[in-house]
J.: 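The following block contains the structure, expressed as structure tokens.
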Amino acid sequence: MTTVTLHYFALLREQRGRSSESLTTGAATAGELYDELARRHGFTLPVTHVRVAINGEFAAWDTTLRTGDELVFIPPVAGG
Amino acid sequence: MTTVTLHYFALLREQRGRSSESLTTGAATAGELYDELARRHGFTLPVTHVRVAINGEFAAWDTTLRTGDELVFIPPVAGG
Amino acid sequence: MTFRISPEPLDPAALAGQLLDLRAGAYVEFQGRVRNHNEGRAVNALEYEAYAALAEKEGARIVAEAAARFPILGAACVHRVGRLELGELAVWVGVTSAHRAAAFEACRAIIDETKARVPIWKKEHYADGASGWINCATAGPAAAATATPPAAH
Amino acid sequence: MTFRISPEPLDPAALAGQLLDLRAGAYVEFQGRVRNHNEGRAVNALEYEAYAALAEKEGARIVAEAAARFPILGAACVHRVGRLELGELAVWVGVTSAHRAAAFEACRAIIDETKARVPIWKKEHYADGASGWINCATAGPAAAATATPPAAH
């Protein structure tokens with residue numbers, strides 16, 4: 001089990017109902033964690049539409065989670 | 001013979017030594033008039049580098065001159 | 001060469017002033033403003049949200065890439081966050097160069113890449129009371145809020 | 001949709017303000033300024049001269065052509081005449097549109113056509129005391145003033 005911090009933005013923040021949380025998970029990778037949370041909270045964005053940042057940088061979905069990681073799931077961007 | 005008004009700009013104004021003049025010429029076309037004045041005043045721009053405007057609009061070099069016409073010889077432009 | 005997220009209103013004259021350079025014959029600026037419609041719907045206001053730390057990192061990379069690709073002298077981009085009313089300035093890009101081609105191309109590249117890559121999100125508030133996060137419509141229940149309505153008839 | 005010759009200094013903020021339009025999501029601006037060098041020579045100042053009546057007529061055609069070719073909402077161009085010091089604004093173009101591509105393309109077209117077609121002339125005053133009308137060098141005696149000096153050695 002690893003304990004990570006999550007920050008939520010935009011649609012994911014609204015669907016989660018909060019901006020950040022700390023949680024302990026059995027998910028081995030960032031992708032597994034998104035799947036777990038999507039099921040639990042009813043996230044509507046498929047993982048193919050979302051990117052992940054770990055510790056302030058874009059990362060691959062198969063990155064192994066480590067205790068202390070900060071994760072952000074990034075919905076499709078729409079600046080400008 | 002026709003009597004026309006000429007306005008000079010930029011290099012041609014400097015080479016002519018004045019901004020405008022009225023003159024009576026035997027030249028039949030705008031092109032013939034440019035040749036006549038180029039010889040007389042030592043204009044360095046060949047006619048191929050110059051355009052002509054007659055009565056406030058770009059015109060062809062073979063336009064027949066009529067008394068009362070206002071002519072401007074247009075050196076290569078360089079705005080911006 | 002800077003990229004910044006700003007919760008404060010943007011002042012284009014002040015931003016442009018910071019790029020003045022006597023070597024620069026050309027300056028090109030882009031402003032993205034809140035317009036009163038999108039895909040046929042009347043818009044009342046926008047809300048922008050950013051993951052600021054990563055947005056500024058990715059934005060700085062975009063500006064640096066433009067500087068490497070085009071012969072420019074200076075470039076900056078600032079993106080507003082928070083609630084914006086109609087007509088307000090959402091994003092500003094300014095580029096200086098000796099000759100104009102480079103400034104036009106770099107300015108265009110910076111705004112294109114910013115829209116494609118920087119973690120900033122936009123929620124539109126419509127005149128009919130609905131609202132929706134742009135580009136986040138899906139087949140799920142959230143889709144209703146952002147779907148384009150059928151043609152009027 | 002306007003084109004104007006101005007003997008007075010240009011105020012870009014005031015000019016941009018005249019194009020504000022709530023339908024416009026995009027605004028692109030070009031500024032041409034007096035830079036401190038040209039083709040390797042140090043420049044001290046510029047002098048612009050225009051055949052104003054025809055310049056405004058041809059400029060208005062250029063702006064109208066851009067409006068016909070690209071889906072823009074507004075466009076304006078103002079060109080300064082007289083003596084300008086280093087860094088001063090010589091020409092300003094502003095374009096608004098719903099989406100950015102049209103504003104970028106129309107702004108570029110307007111400045112390109114203005115430089116190619118509008119009867120405005122530029123005399124450069126160099127740091128070494130020489131001066132010359134740009135694009136007017138010929139094989140005749142006037143050429144000396146505008147010729148590029150040989151590489152320093």
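Protein chains get the first letters and strands the later ones, always in sequence-line order, with residue 1 at the start of each.
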J.: Tell me, side chain or backbone of Lys115(C) under 4.5 Å from chain A's heavy atoms, or both, or neither?
T.: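 Both parts, backbone and side chain.
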J.: Name the option with the most non-hydrogen atom pairs under 4.5 Å to chain C; the candidates are His7(A), His49(A), Arg13(A).
T.: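 The candidate making the most pairs under 4.5 Å is Arg13(A).
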J.: So which of Pro46(A), Gly56(A), Pro75(A), Ala53(A) has the biggest tally of heavy-atom pairs under 4.5 Å with chain C?
T.: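 That would be Pro75(A).
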J.: When rounded to the nearest 0.5 angstrom, what distance separates CD in Glu14(A) from OG in Ser131(C)?
T.: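 If I round to the nearest 0.5 Å, the distance is 7.0 Å.
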J.: Can you tell me if CZ on Arg83(C) sees more than 12 non-hydrogen neighbours from other groups inside 6.0 Å?
T.: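 Yes, because the 6.0 Å sphere around CZ of Arg83(C) holds more than 12 heavy atoms from other groups.
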J.: For Arg69(C), is the CZ atom crowded, meaning more than 12 foreign heavy atoms sit under 6.0 Å from it?
T.: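 No.
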J.: Between Val77(A) and Pro119(C), what is the shortest heavy-atom contact and its length?
T.: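 Minimum heavy-atom separation between Val77(A) and Pro119(C): CG1-CA, 3.6 Å.
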J.: Testing the basics here: between Gly80(A) and Val91(C), what is the closest heavy-atom pair and its distance to 0.1 Å?
T.: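 That closest heavy-atom pairing would be CA-CG1, 3.6 Å.
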J.: What part of Lys122(C) is in contact with chain A, defined as an atom under 4.5 angstrom from a non-hydrogen atom: side chain, backbone, both or neither?
T.: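 For Lys122(C), the contact with chain A is made by backbone and side chain together.
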J.: Which bit of Tyr51(C) comes within less than 4.5 Å of chain A, counting heavy atoms only: side chain, backbone, both or neither?
T.: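 Contact with chain A: backbone and side chain both.
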J.: Is Ala116(C) close to chain A through its backbone or its side chain, or both, or neither, when contacts mean heavy atoms under 4.5 Å?
T.: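 Just its backbone gets close to chain A.
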J.: Considering only heavy atoms, which portion of Glu57(A) lies under 4.5 Å from any heavy atom of chain C: side chain, backbone, both, or neither?
T.: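 It is both, since atoms from each part get that close.
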J.: Quick one: CG on Leu45(A) to CG on Asn135(C), what's the gap to the nearest 0.5 Å?
T.: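 CG of Asn135(C) is found 10.0 Å from CG of Leu45(A).
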J.: With only heavy atoms counted, which part of Arg80(C) is less than 4.5 Å from chain A, the side chain, the backbone, both or neither?
T.: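 It is neither, since no heavy atom gets under 4.5 Å.
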J.: Rounded to the nearest 0.5 Å, how far apart are CD of Glu49(C) and OH of Tyr8(A)?
T.: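 OH of Tyr8(A) is found 14.0 Å from CD of Glu49(C).
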J.: CD1/Ile120(C) to CZ/Phe9(A) distance, rounded to the nearest 0.5 angstrom?
T.: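 These two atoms lie 11.5 Å from each other.
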J.: For the atom pair CH2 (Trp133(C)) and OG1 (Thr44(A)), what is the distance rounded to the nearest 0.5 Å?
T.: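 So the gap between those two atoms works out to 13.0 Å.
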